[in-house]
Amino acid sequence: MMADKNEWGSNLSFIFAMIGSAVGLGNIWRYPYVLYSNGGGAFYIPYIVAILLMGIPFLILEYGVGYDFKSSFAKAVKKIDSKFEYLGWFLPVCVFVIMIYYAAILGWDGIYVILSFFKGWGADPSTFFTASLIQDSKNYMGLFHFLPIIAIAMLAGWIIVWCISHKDLEKGLGRVSKVLVPLLFIIMVLIVGFSLTLPGASIGLSELFNPNWALLFDFKIWMAAFGQIVFSLSLGMSIAFTYASYTKDDTDLITNTLSIVFANSLFENFAALGVFSILGYMSLQSGTPVAELVTQGTGLVFNAYPIVFNVLGQLGYVLGPMFFLTIYLAGLTSILSTIEPLSFSIQNKFGLSRSRTMTILIIIGAFLSMIYATSFGADLLGYVDTFINQIALLFGVVIECIIFAWIFHAEKLIDFLNSRSKTIKIGKWWIIIVKYILPIFILIVWFGGVIEVMATSSVDQTNFTIATAIIVLVATVILTKLPAKSPDWDKSDERV
Ligand code: PFF
């Protein structure tokens, strides 16, 4: 009975949910800046290499194994080799940690959706964000200063997530993705179409795409391209694995991979056009060079953009709400995916229903997320994000390559994947990539990231990184050691 509660109603639901997971804040507030600061037009070379060498081959691998096992990540990894059950829990736990801080960002953005109707951030948006809204303490004593408005906004997000996720997969996530993801694309097209008509748009765009070919010989931009693709496509996070395990028996996984990778890149390049046209407009109005206006992350969304909407006059009242709503939808469709790997793994091991597991996890998540509704929340979020993205998840990609390509023997999947594929066929080149090139390359990127984090961390950051690592590891050990309750936990559901 559990299978149908965890099965997509159609291939379209799978594709849209997967695009929803991939298209998120990384595409809107991260990619435009990464493109700009890593060689502009020249960045497309490492970017395309990263897509061909990593995005597509790795997604096919995660999908193939997930489809084959038709079960959760933890259960499949344990089936491949029971010694690895720890790893089977480690990644879903990391992704759940992402969910908890994504809820905070969603909460901030939710507040801005409302503020944008009356430009409630006032004449100085930067001071409004840091001093009035998040009341940044820059000191861990701020953990004792609770911010009720942020807590309420976050709880609203958790309630929306619960309403969707506790239902059967197709009735909740499947249906919602089929509505929200197309809506997200439509609003984005409208915003970008309008931005391109603004005076000064071409100034921003020529800054953005102006190629710096010399940077091609700098390892940094290759690392940036691979890092962006891992984050943007949510690779190695056990999400793609889980979504593929929910598919019906006749899915064409290779063609789906191509569609999802294409849609994700289309969206982020579109976002870059919009962001830089608007920055060009801003530059023309203020006389400040584009280079001094560009930022990423919260700086772009909660500081630079509100300034633009202030300058835009009446139009700001239309564009503002549309922009913050786009971010909300992008964040929502991503956060919905972050609960699936852990939830499905728990359902499989402990025999709990989907609905009950989701309810329990969401209550735990909402409770833990309150740490971000404090004056130290934004700093803490940065630390946890650095640990998860730069250290834990890249490591996850390497581990998945080893377990899936080497121990599981990915070769087993080739004939079956090709027999379904209406587009490209995979062969020896795929095996060489997933067995050798990818793990080695990602390991190098991973070391680079770890060294950078160690070199640039403050004492607070180091302490909180260690604390996050301990919490993740303790949760992993508990989930691994707890005895299974479901009689199916040791049963194999392999399809191929
Ligand atoms: N891929 C999403 C983005 O580009 O914003 C981010 C993301 C979603 C990261 C889900 C991690 C995750 F588990």
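Ligands are counted one by one from 1 in listed order, and the atoms in each one are counted from 1 as well.
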Visitor: How far is atom 10 (C) of ligand 1 from its nearest protein heavy atom, and which residue and atom is that?
Guide: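 In this structure, atom 10 (C) of ligand 1 has Thr338 CG2, 3.7 Å as its nearest protein heavy atom.
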Visitor: How far is atom 5 (O) of ligand 1 from its nearest protein heavy atom, and which residue and atom name does that atom have?
Guide: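 The answer is Gly26 N, 2.7 Å.
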Visitor: In Å, rounded to the nearest 0.5 Å, how long is the span from CG of Leu273 to CG of Leu196?
Guide: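 Taking CG in Leu273 and CG in Leu196, the distance rounds to 6.0 Å.
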Visitor: Would you indicate whether Lys220, at its atom NZ, is surrounded by more than 12 heavy atoms from other residues, nucleotides or ligands within a distance under 6.0 Å?
Guide: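 For Lys220, atom NZ is crowded (more than 12 foreign heavy atoms under 6.0 Å).
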Visitor: Kindly state whether the ring of Phe129 and the ring of Trp108 have centres lying under 6.0 angstrom apart.
Guide: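 Distance test on ring centres: under 6.0 Å, yes.
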Visitor: Between Ser265 and Tyr47, do the side chains contain an N or O donor and an N or O acceptor separated by less than 3.5 Å?
Guide: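 Tyr47 and Ser265 do have a side-chain donor-acceptor pair below 3.5 Å.
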Visitor: Taking the minimum heavy-atom distance to atom 8 (C) of ligand 1, which of Pro341, Ser21, Gly236 ranks first?
Guide: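 Looking at heavy atoms only, Ser21 sits closest to atom 8 (C) of ligand 1.
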Visitor: Side chains of Pro182 and Phe16, heavy atoms from C-beta outward: is any pair under 4.5 Å?
Guide: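 Yes. Closest side-chain heavy atoms under 4.5 Å.
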Visitor: What distance separates Ser259 OG from Ile19 CD1, expressed to the nearest 0.5 Å?
Guide: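 Answer rounded to 0.5 Å: 7.0 Å.
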Visitor: Return yes or no for this condition: an N or O of Val95 is under 3.5 Å from an N or O of ligand 1.
Guide: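 It does not: no N or O of Val95 is found under 3.5 Å from an N or O of ligand 1.
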Visitor: Does ligand 1 come near enough to Ser234 that some N or O of the ligand is less than 3.5 Å from an N or O of the residue?
Guide: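 It does: an N or O of Ser234 is found under 3.5 Å from an N or O of ligand 1.
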Visitor: Students should be able to answer this: which protein heavy-atom is nearest to atom 3 (C) of ligand 1, and at what distance?
Guide: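 Protein heavy atom at minimum distance: Ala22 O, 3.3 Å.
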Visitor: Report yes if Phe231 has an N/O atom closer than 3.5 Å to an N/O atom of ligand 1; otherwise report no.
Guide: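 By distance alone, the answer is yes.
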Visitor: Under 4.0 Å from any heavy atom of Leu25, which atoms of ligand 1 are there?
Guide: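 Heavy-atom distances to Leu25 below 4.0 Å select 5 (O).
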Visitor: Quick one: CD1 on Ile111 to CD1 on Ile150, what's the gap to the nearest 0.5 Å?
Guide: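 Rounded to the nearest 0.5 Å, the CD1-CD1 separation comes to 5.0 Å.
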Visitor: Which of the atoms of ligand 1 are close to Asn27, meaning less than 4.0 Å from one of its heavy atoms?
Guide: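 Close to Asn27: 3 (C), 4 (O).
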Visitor: Pull out every atom of ligand 1 sitting under 4.0 Å from any heavy atom of Gly24, numbered as shown with elements.
Guide: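 Every atom of ligand 1 under 4.0 Å from some heavy atom of Gly24: 3 (C), 4 (O), 5 (O).
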Visitor: A side-chain contact here means heavy atoms from C-beta on lying under 4.5 Å apart; do Phe90 and Leu473 qualify?
Guide: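 Counting from C-beta outward, Phe90 and Leu473 do come under 4.5 Å.
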Visitor: Within the 3.5 Å criterion, strictly below it, is a donor on Thr465 or Gln461 matched to an acceptor on the partner's side chain?
Guide: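 Distance-only check fails for Thr465 and Gln461.
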Visitor: Looking at Ser232, which atoms of ligand 1 are within less than 4.0 Å of one of its heavy atoms?
Guide: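 Answer, ordered by atom number: 1 (N), 4 (O).
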Visitor: To the nearest 0.1 Å, how far is atom 11 (C) of ligand 1 from its closest protein heavy atom, and which atom is that?
Guide: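 For this ligand atom, the closest protein heavy atom is Met237 SD, 3.3 Å.
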Visitor: Record the part of Ile239 in heavy-atom contact with ligand 1 below 4.0 Å; permitted values are side chain, backbone, both and neither.
Guide: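 For Ile239, the contact with ligand 1 is made by the side chain alone.
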Visitor: What is the nearest protein non-hydrogen atom to atom 6 (C) of ligand 1, stated with its residue, atom name and distance?
Guide: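 The answer is Tyr102 OH, 3.3 Å.
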